[in-house]
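Order of the sequence lines sets the chain letters (A, B, ...), proteins ahead of strands, with each chain counted from 1.
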Amino acid sequence: MSANGYLQIGLYFVVLIALAKPLGAYMARIYENEPAVLNRFCAPFERLIYRLCGVDPSKETGWIEYTVALLVFNLLGGLAVYGLQRLQVNLPFNPAGMAAVSPDSSFNTAISFVTNTNWQGYGGESTMSYLTQMVALGVQNFVSAATGMAVVIALIRAFARQTVQTIGNFWVDMTRTVLYILLPLSLAFALVLVSQGVVQTFSAYPAVPLVESIEYDNPKLDAAGQPIKDEKGNPVTEKATQKDQVIAVGPAASQIAIKQLGTNGGGFFNANSAHPFENPTPLSNFLEVLAILLIPGALCYTFGRMVGDTRQGWAILATMTIVLVSLLAVCLWAEQQGNPLLAKLGVDQATTASQSGANMEGKEVRFGIANSVLWATTTTAASNGSVNAMHDSFTPLGGLVPMWLIQLGEVIFGGVGSGLYGMLMFVVVAVFIAGLMIGRTPEYLGKKIESFEIKMASIAVLVPLFTALLGTAIALMVDAGNAGVANPGAHGFSEILYAFSSASGNNGSAFAGLSANTPFYNTALGIVMFFARYWIIVPVLALAGSVVTKKKVPAGAGTLPTHNLLFVFWLIGVVIVIGALTFFPALALGPIVEQLVLNAN
Amino acid sequence: MLAQFRPALVMLIVMTTLTGAIYPAAVTGIAQMLFPRQANGSLIEKDGKAVGSALIGQAFSNPKNFWSRPSATSPYANNASASSGSNLGPLNPALTDAVAGRINALRDADPGNVAPVPVDLVTASASGLDPHISPAAAEYQVNRVAKARNVDAAVVRNLVAEHTESRQWGFLGEPRVNVLQLNLALDAMTAK
């Protein structure tokens, strides 16, 4: 890779870490209800929202009421997304005349967007009306992100307070997250994106004449819109000529801003942020990839500040950064090797001043290798799942890295809120194991970690591992699961493993060759996304409800420090060991065997 | 549970209005005012008519034009209403077959050119709409285009240099050449 590539990646991490403190401190002020810059503008709206909802903002609740509020709100949100997709053909803002989305795809997409996964079985520009994009998907981009942030703030309060019952008010946390954090950031970011060339319009798709018309074989369709096949099962085609190019546009910038900031990742267009209208320039790319980790990184500082010891926040951020940078280096190296099979054909894959070179299948020229790999690793470290290159076409080892980052439990930065609460569950497990080893009562931030906390943390850590492997196993055993595979051999297995890992991590990226818009995958992945979201959120909030009642024990000689480098590496060890032990056998059957075959060539 | 139903329903309606209607409408309004060209798709106009988008690649196969990157969109290349990559794995024989076919097409159009082919010119882009090729991929095609258009290679090379975008702010992204704009410029030059 060129020196310039290292410069871009280095600058990325400098900016990311530098922004953690100012944004993290701002968010802490918002959640502790301290005066903030936007108060004068937002406070009247805030009061109006509480009045409309019949909510008393000064009244905090215990964990059960907090959880019920969250679940009811998410349930209604899911029903709305489902309904809007099914009815879009009868609703306005549908200039391309999109038909109603199928029941199984609507089910999948509803769960996908409510759980902040944003797995997409459909192609945006060929499926969703502008209304569905904005009112169904765009809204969930905001509120599913705010849901994750509300949960982590409730958990942080539990560690910050002592001997009380209440962890906050869900409606207040939801409202303040959207009004003071997500909406202002998105508004500014969306306009910067438009300046770079991201589209933002309600007009219909314009058509332009092609310079050279294209002759192609068009598959013949029957009355039901299904391709007609001959006796041998090959699709029947007819010669056709395309003389113009119909260019999909739409209100994209507003959606892309929040999709990046809220670790949603659901693209306006099918190709996601590889599409030139979704990510037109290197600058838009830098900002979009920065937005992926911006809030998850800053929340670490928010955490440290709210528990009264910023060193605790920095330790978590250091843990995340060390794992990410290490795996990024592996992925970079793998992609930079290029594809030896293409070299044999007389393809020039060298990196020179006039080309990025290396493995360019499924990558865009303006991004090259460095920016494609940076995006692939950050989007899977965080549970964002947007892409600017096609992970399915990465080298085997290069594709293993994003997959494994998801499988680590989406705690290396992770989703907004969900990454930090997931990591704090690993911290609970880590102090427990360390406590057993040194013979002390495990405690974290002065709170005793007892049997109930360990049970809840274990559920939160283990559920996504369980759904990922079980889902993959079921898909491999049924014809409907194997039917979706696009690539032969070990790579086909990787596609299925990636899909269920992605759903289990609420990530949403894919080895996109897999035909996942089928009743089997829509249903199976929908169920997995549901469990992997709420079977973590409920135990996390239960743990918060238990921790908040405990007294804080002052640190003594026997207290395990949780802010130093030793603990950082201990925590890394626990995360890696759980992720490696669970997934190594599966990874060996997929990307690892594929890399060995490639090396043998 | 029922006690939370009213706040949940009203909150969903409020958030839908705020983030699903007011927010995109506000962004659209401001964007159309400040950046109308970009917000509407960066269309290239010639004599008042749109002839393409500066951000959306088109497919070329005539030797007198620079060729874009291969596109895996369906049912025809560079379908701007259905963006997509090939999603072919590195070991998939379909990938090596496709690349071999593209190399043959390039060599058939330019007999005598035996230089190794720059990788971006024979691999499908992620979006299927990549408007750019690398400067190396442009240089590979200069002699062919010059011969087919009956102009001096140095003239074509100059035009390529004019249409080469360097890294943004000197260090972001990769150097690149916009194929559609380059071909339109070639046509304009030859027409003179």
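The contact list for residues 140-147 of chain B toward chain A, using heavy atoms and a distance under 4.5 Å, is empty. Within residues 157-165 of chain B, no residue has any heavy atom less than 4.5 Å from a heavy atom of chain A.
With sequence neighbours left out, the side chain to side chain donor-acceptor pair (under 3.5 Å) criterion links B/Ser134 to B/Asp120. Here B/Arg37 pairs with nothing under the side chain to side chain donor-acceptor pair (under 3.5 Å) rule; sequence neighbours left out.
Looking at B/Leu91, both its backbone and its side chain come within 4.5 Å of chain A, counting heavy atoms on both sides. Of the two parts of A/Gln242, only the side chain, counted from C-beta on, holds a non-hydrogen atom closer than 4.5 Å to a non-hydrogen atom of chain B.
Checking A/Gln200 against B/Thr28 by side-chain atom types alone, a donor-acceptor pair falls below 3.5 Å.
Using a 30° and 60° split on the angle between ring planes, B/Tyr76 and A/Tyr216 fall in the tilted class, from 30° to 60°.
Side-chain N or O atoms of B/Gln58 include none that pairs as donor or acceptor with a backbone N or O of A/Glu212 at under 3.5 Å. Between the side chain of A/Asn270 and the main chain of B/Ala82, no donor-acceptor pair closer than 3.5 Å is present.
A/Val211 places none of its side-chain heavy atoms less than 4.5 Å from the side chain of B/Asn183. Side-chain contact between B/Thr123 and A/Leu342: present, with at least one pair of heavy atoms (C-beta onward) separated by less than 4.5 Å. Under the 4.5 Å side-chain criterion, counting only non-hydrogen atoms from C-beta, A/Gln245 is not in contact with B/Ser53. For the pair B/Ser86 and A/Met390, the minimum side-chain heavy-atom distance is 4.5 Å or more. Contact of the A/Asn339 side chain with the B/Val99 side chain is not registered, since no non-hydrogen atoms from C-beta on lie closer than 4.5 Å.
Taken from CD in B/Glu174 to OG in A/Ser372, the straight-line distance is 8.5 Å, to the nearest 0.5 Å. Between the CD atom in B/Gln4 and the CZ atom in A/Phe73 there is a gap of 12.0 Å [rounded to 0.5 Å]. The distance from atom OG1 of B/Thr19 to atom CG of A/Leu187, rounded to the nearest 0.5 Å, is 12.5 Å. Atom CG of B/Asn87 sits about 9.5 Å away from atom CZ of A/Phe511, to the nearest 0.5 Å. Between the CD1 atom of A/Ile49 and the CE atom of B/Met11 there is a distance of 6.5 Å, given to the nearest 0.5 Å. Atom OG in B/Ser125 sits 4.5 Å away from atom CD in A/Glu364 (nearest 0.5 Å).
Between chain B and the residues A/Ala271, A/Ser354, A/Gly77, A/Ala248, the largest count of heavy-atom pairs under 4.5 Å involves A/Ser354.
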